[in-house]
Protein chains: 2
Amino acid sequence: MLRIAKLTDYATGLMTQMAHQPERWVSAQQLAVELSLPAPTVARLLKLLGRAGLVVSQRGKGGGYGLARPAREISVAEVIAAIEGPVALTECALGDGRCSLERDCATRANWRVINQAVQVALEAVSLADMAAPRLRPVQFSSLHHQPRKV
Amino acid sequence: MLRIAKLTDYATGLMTQMAHQPERWVSAQQLAVELSLPAPTVARLLKLLGRAGLVVSQRGKGGGYGLARPAREISVAEVIAAIEGPVALTECALGDGRCSLERDCATRANWRVINQAVQVALEAVSLADMAAPRLRPVQFSSLHHQPRKV
DNA sequence: ACTAAATAGTACTTATTCGATCCCATATAA
DNA sequence: TTATATGGGATCGAATAAGTACTATTTAGT
Ligand code: FES
Ligand code: FES
């Protein structure tokens, strides 16, 4: 189904929620309650996001998390990458071409191009877009393939 | 890491291989040997692809599989959909909005847009492209993110 | 008619990943 | 000093993916 992991979905939800309330230092507990997610999972995710540099944290009483940058400057691609690692639709797409089954491995080069296309699509959407009531349909004018019947 | 399933990777390999040799009726056995994949798995995949209408089959001696349409008219998006189902990065992206946690579920609408963006990116690449020695970098001229008002 | 070769369909088992939880250390405001 | 919060890691069960096995059906050739 070309799914992102559920944890990644949670993470985007957390980030979007933080984008809504720019008052610094929202606690993991509070976010868990607001999104009805298991608290330990939320805590773990925020740690990951912190390590990736997407959120900043303040320890101790009254502490919590906040977006490291303005919501407009954080893309969903970054959030996904923070949780699942870089976009790599296939195993061989990231280098170490161990599987030299294909003729000269043109396949790998082609997958790289596809990866980049998806990457660009995900970079085009920021957290501010996600927090907005409705994301404007992405403008894909030149990328049109002929419509296909089901 | 935003991976497609390994089986899906196999499937695209199978389709690409068939695009290389347009002589009809390549057997599952032969494809398994050519791609160094386990034969039963290849057989199962080809059945799925057949059910999806992407390959046609001929039973009996001398039979096998072949592309249902010219390679240029089959996109990788279709192959992925045949194995993994429709592109749905998140659970709620496809309807049945059970999780009404978000405010009016703007999130779902936004994920739909992202899904479509990825979908279009995958539709832009055909099997003929994959079979070609090198895929032309996808033309993403119009997909630039521009600041917008709220 | 018989046989070999191939797909069609399904059920089963194993491996891997995902998701959730727990524990303890560290920092900080009150 | 204490309550509260993050930082880091280890662990466990569930869900999913991947591989395997078996039987039935179709078809070309002899
Ligand atoms: S490196 Fe993956 S197909 Fe060649
Ligand atoms: S339906 Fe999924 S977030 Fe609302």
Side-chain angles (χ1 to χ4, degrees), chain A residues 1-14 18 23-33 35-68 80 82-85 88-91 99, chain B residues 1-14 18 23-33 35-68 80 82-85 88-91 99:
Chain A
M1 312 110 191
L2 196 56
R3 288 251 152 109
I4 60 177
K6 222 194 280 186
L7 288 176
T8 310
D9 191 8
Y10 295 170
T12 61
L14 291 171
M18 283 191 271
E23 319 86 37
R24 277 297 159 87
W25 312 146
V26 183
S27 79
Q29 253 321 319
Q30 185 180 342
L31 284 171
V33 170
L35 295 177
S36 304
L37 294 178
T41 300
V42 169
R44 200 159 71 81
L45 282 173
L46 287 168
K47 291 171 202 169
L48 284 175
L49 292 170
R51 229 177 282 181
L54 296 182
V55 299
V56 288
S57 59
Q58 171 70 17
R59 287 191 181 186
K61 195 168 186 176
Y65 292 91
L67 296 183
I80 295 178
I83 305 297
E84 324 205 330
L89 262 61
T90 59
E91 285 187 34
C99 48
Chain B
M1 310 117 190
L2 198 55
R3 288 252 152 109
I4 61 178
K6 222 195 282 185
L7 289 176
T8 310
D9 191 8
Y10 296 169
T12 60
L14 291 171
M18 283 192 271
E23 317 87 36
R24 278 296 160 88
W25 311 149
V26 184
S27 78
Q29 262 309 329
Q30 186 180 340
L31 284 172
V33 170
L35 295 178
S36 303
L37 294 178
T41 299
V42 169
R44 203 158 68 81
L45 282 173
L46 287 168
K47 290 170 203 167
L48 283 176
L49 292 170
R51 231 177 280 182
L54 296 182
V55 299
V56 288
S57 59
Q58 172 69 20
R59 287 192 179 185
K61 195 168 188 176
Y65 292 92
L67 296 183
I80 293 177
I83 305 298
E84 324 205 330
L89 262 61
T90 59
E91 287 186 32
C99 49

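Note on naming: letters A, B, ... go to the chains in the order of the sequence lines (proteins, then strands), and numbering restarts at 1 for each one. These values consider heavy atoms only, across backbone and side chains, with no hydrogens, waters or symmetry-generated copies. All values derive from a computational prediction rather than experimental measurement.
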**OP:** Whole angstrom is fine here: how far is it from CZ in Arg3(A) over to C1' in dG19(C)?
**Re:** 15 Å

Original post:
Ignoring hydrogens and geometry, is there a side-chain-to-backbone donor-acceptor pair from Glu84(B) to Ile4(B) under 3.5 Å?
Top reply: no

**OP:** Starting at atom CG of Leu45(B), determine the distance to atom C1' of dA8(C), rounded to an integer number of angstrom.
**Re:** 15 Å

**OP:** Working to the nearest 0.5 Å, report the span between CG of Leu45(A) and OH of Tyr10(A).
**Re:** 9.0 Å

Original post:
Taking the side chain from Arg24(A) and the backbone from Leu67(A), do they hold a donor-acceptor pair closer than 3.5 Å?
Top reply: yes

**OP:** Answer with base, sugar-phosphate or nothing: what part of the nucleic acid does Ala28(B) contact at a heavy-atom distance below 4.0 Å?
**Re:** sugar-phosphate

Original post:
Arg51(A) has an atom CZ; how far is it from atom P of dG7(D), in whole Å?
Top reply: 9 Å

Subject >> Full working for side-chain contact (heavy atoms from CB on, under 4.5 Å) between Leu35(B) and Val42(B) >> reply: CA-CA 10 Å; Leu35(B) 295 178; Val42(B) 169; over 6 Å; no

**OP:** Using five pairs at either end of the helix from dA1(C)-dT30(D) to dA30(C)-dT1(D), determine the angle between the two local helix axes and round it to 10 degrees.
**Re:** 20°

Original post:
What integer distance in Å separates Leu14(A):CG from dG19(C):P?
Top reply: 14 Å

Original post:
Under 4.5 Å between any side-chain heavy atoms of Leu49(A) and Ile83(A), yes or no?
Top reply: yes

Subject >> Non-hydrogen side-chain atoms of Tyr65(A) and Lys47(A) separated by less than 4.5 Å >> reply: yes

Subject >> Reported OG1-to-CG distance for the pair Thr12(B) and Leu89(A), which is rounded to 0.5 angstrom >> reply: 10.0 Å

Subject >> Whole-Å gap separating C1' (dT17(C)) and CD1 (Ile83(A)) >> reply: 16 Å

Subject >> Leu49(B) CG to dG9(C) P, straight-line distance once rounded to whole Å >> reply: 13 Å

Subject >> For atom CD of Gln30(A) and atom P of dT4(D), their distance in whole Å >> reply: 15 Å

**OP:** Would you classify Gly50(B) as touching base, sugar-phosphate or nothing, given that sugar-phosphate means primed atoms plus P, OP1 and OP2, and contacts are heavy atoms under 4.0 Å?
**Re:** nothing

**OP:** Give the intermediate values and the outcome of side-chain contact (heavy atoms from CB on, under 4.5 Å) for residues Met18(B) and Leu54(B).
**Re:** CA-CA 11 Å; Met18(B) 283 192 271; Leu54(B) 296 182; over 6 Å; no

Original post:
Does Ser57(B) put a side-chain nitrogen or oxygen below 4.0 Å from OP1 or OP2 of dA8(C)?
Top reply: yes

**OP:** Check the pair Leu31(B) / Leu46(B) against side-chain contact (heavy atoms from CB on, under 4.5 Å), numbers first and verdict last.
**Re:** CA-CA 10 Å; Leu31(B) 284 172; Leu46(B) 287 168; 4.0 Å; yes

Original post:
For every nucleotide of nucleotides 20-30 of chain C, 5' to 3': is a protein heavy atom under 4.0 Å from its base (B), only from its sugar-phosphate (S), or from neither (-)?
Top reply: BB----BBBS-

Original post:
How close or far is atom C1' of dT16(D) from atom CD1 of Ile4(A), stated in whole angstroms?
Top reply: 17 Å

